[in-house]
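Note sheet for the following structure.
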There are 2 protein chains.
Amino acid sequence: MSSKKKILIADDEPDILEILQFNLAAEGFEVFTAKNGDEAIIKATSESPDLIILDIMMPGKNGIDVCKHLRAIPQFSNTLIIFLTAINNDLSEVKGLESGADDYLNKPIRPKVLLSKVNALFRRIVKTEEDVLQIGNLQIDREKYNVRLNNEDILLARKEFELLSLLASKPGKVFLRNEILHQVWGTDVIVGDRTIDVHIRKIRQKLNLDCITTVKGVGYKFEL
Amino acid sequence: MSSKKKILIADDEPDILEILQFNLAAEGFEVFTAKNGDEAIIKATSESPDLIILDIMMPGKNGIDVCKHLRAIPQFSNTLIIFLTAINNDLSEVKGLESGADDYLNKPIRPKVLLSKVNALFRRIVKTEEDVLQIGNLQIDREKYNVRLNNEDILLARKEFELLSLLASKPGKVFLRNEILHQVWGTDVIVGDRTIDVHIRKIRQKLNLDCITTVKGVGYKFEL
DNA sequence: ATTTGTCTTAACAATTTGATAATATTAATA
DNA sequence: TATTAATATTATCAAATTGTTAAGACAAAT
């Protein structure tokens with residue numbers, strides 16, 4: 001999967017903050033916290049989270065204020081916002097959603113419900129992501145499955161693409177031949193010794209660029 | 001806003017149905033109703049609603065079943081679904097959201113909360129909704145179901161249209177054959193290996209334009 | 001009932017790919 | 001430098017993948 005989703009949590013109660021952080025981090029999200037509304041705005045601006053969870057009742061700027069403030073900034077017009085509230089009545093819920101939030105969650109927090117909501121919201125948004133490697137003037141787009149060098153498309157066959165994609169994923173790192181076999185061919189496929197070489201050759205030929213270095217007796221590495 | 005949003009409500013209690021219908025219609029939505037799960041599926045198919053509100057507890061097919069059934073059909077992969085439930089416990093909520101719903105609502109119904117949730121969901125979706133794709137001199141109108149090239153209408157059969165529409169939704173992106181099968185044919189439909197090819201061929205033939213590229217071993221992509 | 005058009009499949013052709021073998025080249029080391 | 005191990009190069013071939021055409025099942029329209 002691409003990069004980790006960032007989630008910002010703002011609540012003045014340390015316990016709640018901790019519970020949320022623990023559960024979301026365990027699910028693989030990158031979590032940031034804020035102890036009040038103003039801090040939330042600052043961290044939101046600096047971290048550009050994908051989702052912001054706001055407690056409504058906070059000293060100073062409350063959650064609704066923060067939400068309105070953020071929604072007025074283009075950077076956050078598409079950010080997911082969830083309210084956290086103990087006030088379980090019509091009024092606050094309505095106010096929350098009308099101020100531009102995507103959902104709200106009642107306290108006490110039920111971790112499973114929280115995670116489900118978060119995932120449900122992300123499922124809807126996730127679609128607009130990109131997965132491109134950019135190394136110098138070389139661009140490898142894993143989604144579009146193409147390689148561009150100096151704004152010119154280069155057609156690589158599947159194995160060639162996967163091999164280059166692997167090497168370029170960690171420029172400078174030397175990949176052992178075994179490692180390459182496992183990653184590109186799989187653990188149970190057996191191919192001859194020269195197979196990798198031939199593919200490397202084709203890549204070098206097609207790219208016409210000195211970017212794959214042979215490390216004799218060890219493997220190959222990609223560099224600039 | 002474009003045209004009226006369509007909402008389908010499925011509940012076995014006539015009272016609830018009426019309350020919901022009244023409130024949503026008053027807000028300007030076009031409302032359809034169903035008295036059970038099977039009717040819901042039928043009406044969903046014929047009306048293509050933008051939002052479906054499903055009672056979880058219904059005789060016969062319950063809401064979760066209906067949701068799963070619908071989500072497996074490409075037509076409904078992006079339709080909003082909200083559950084309606086009196087069961088106020090973790091388990092049912094989690095199950096609901098995991099079966100692909102976007103939100104849930106606890107009974108008793110509080111009209112204002114309902115409307116806020118509905119509006120919050122629509123607000124988020126509206127942005128990704130583009131019924132007319134324009135790529136170069138090619139125009140794909142998903143609502144009218146037609147394709148124009150150089151101001152000339154081109155008649156595509158439904159599967160052809162959906163396939164082209166999918167590929168053109170992300171120009172440059174390579175769609176894996178599997179991905180295409182899921183999106184166009186649905187997750188549980190099984191068709192032979194050559195079916196996609198044949199449809200691709202027909203599109204190429206009818207458009208008479210070099211815009212669909214084969215990426216051998218991977219899939220197809222659309223490009224100007 | 002007949003026509004029309006859509007969707008799928010089967011059969012075969014055409015193409016591309018990936019692996020190998022054979023040979024050449026390179027780099028390290030005795 | 002001669003030797004050797006490792007890699008590079010090239011051509012070739014079988015397998016995998018896709019293209020094409022025609023035909024039949026089915027549904028919708030006439």
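Quantities reported herein were computed from a predicted structural model and do not represent experimental measurements. Numbered from 1 within each chain, the chains take letters A, B, ... in sequence-line order.
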So, does [X] use its side chain to make a donor-acceptor pair with the main chain of [Y] at under 3.5 Å?
{"X": "B/N137", "Y": "B/L149", "answer": "no"}
{"X": "A/D141", "Y": "A/K144", "answer": "yes"}
{"X": "A/S165", "Y": "A/E162", "answer": "no"}

Measure from [atom1] on [X] to [atom2] on [N] and round the result to the nearest Å.
{"X": "A/I200", "N": "C/dA19", "atom1": "CD1", "atom2": "P", "answer": "13 Å"}
{"X": "B/Y145", "N": "C/dT6", "atom1": "OH", "atom2": "P", "answer": "13 Å"}
{"X": "B/K202", "N": "C/dC7", "atom1": "NZ", "atom2": "P", "answer": "8 Å"}
{"X": "B/F161", "N": "C/dC7", "atom1": "CZ", "atom2": "P", "answer": "12 Å"}
{"X": "A/D197", "N": "C/dT25", "atom1": "CG", "atom2": "P", "answer": "16 Å"}
{"X": "A/I203", "N": "C/dG18", "atom1": "CD1", "atom2": "C1'", "answer": "13 Å"}
{"X": "A/R177", "N": "C/dA19", "atom1": "CZ", "atom2": "P", "answer": "14 Å"}

Pairs meeting criterion ring pair (Phe, Tyr, Trp, His ring centres under 6.0 Å) with involvement of residues 152-176 of chain A, two or more places apart: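 Pairs touching residues 152-176 of chain A that pass the test: A/Y145-A/F161.
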Leading and trailing nucleotides of DNA chain D with any atom under 4.0 Å from heavy atoms of chain A: D/dA5 to D/dT10
Counting only heavy atoms not in B/N150 (residues, nucleotides, ligands), do more than 12 fall under 6.0 Å from its CG? yes
Residues, nucleotides or ligands: over 12 heavy atoms within 6.0 Å of B/K43 NZ: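 Count over threshold, so yes.
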For A/Y220, answer base if it contacts any base atom (sugar-phosphate contacts may also be present), sugar-phosphate if it contacts only those atoms, and nothing otherwise; contact means non-hydrogen atoms under 4.0 Å. sugar-phosphate
Which is true for B/K159 with a 4.0 Å heavy-atom rule: it touches a base, it touches only sugar-phosphate, or it touches nothing?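 It contacts sugar-phosphate atoms only.
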Identify, between A/G219 and A/R201, the residue whose nearest nucleotide on DNA chain D lies closer to the 5' end.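 So the residue in question is A/G219.
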Under 4.0 Å: is that the gap between some side-chain N or O of B/W185 and OP1 or OP2 of C/dT8? yes
Does a side-chain N or O from A/H199 land closer than 4.0 Å to OP1 or OP2 of C/dA19, or not? yes
side-chain contact (heavy atoms from CB on, under 4.5 Å) with A/V147: which of A/L133, A/I203, A/L164? A/L164
Set out, line by line, the N/O atom pairs under 3.5 Å between protein and nucleotides 9-11 of chain C.
unit_1, atom_1, unit_2, atom_2, d
C/dT9, OP2, B/G192, N, 2.5
C/dT9, OP2, B/T195, OG1, 2.9

Check B/K35 with B/D12, please: is the shortest side-chain N to carboxylate O separation under 4.0 Å?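 No.
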Tell me whether B/R177 is salt-bridged to B/D197, with the criterion being a basic N under 4.0 Å from an acidic carboxylate O.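 Looking at B/D197 together with B/R177, the answer is yes, because their closest N to O distance falls below 4.0 Å.
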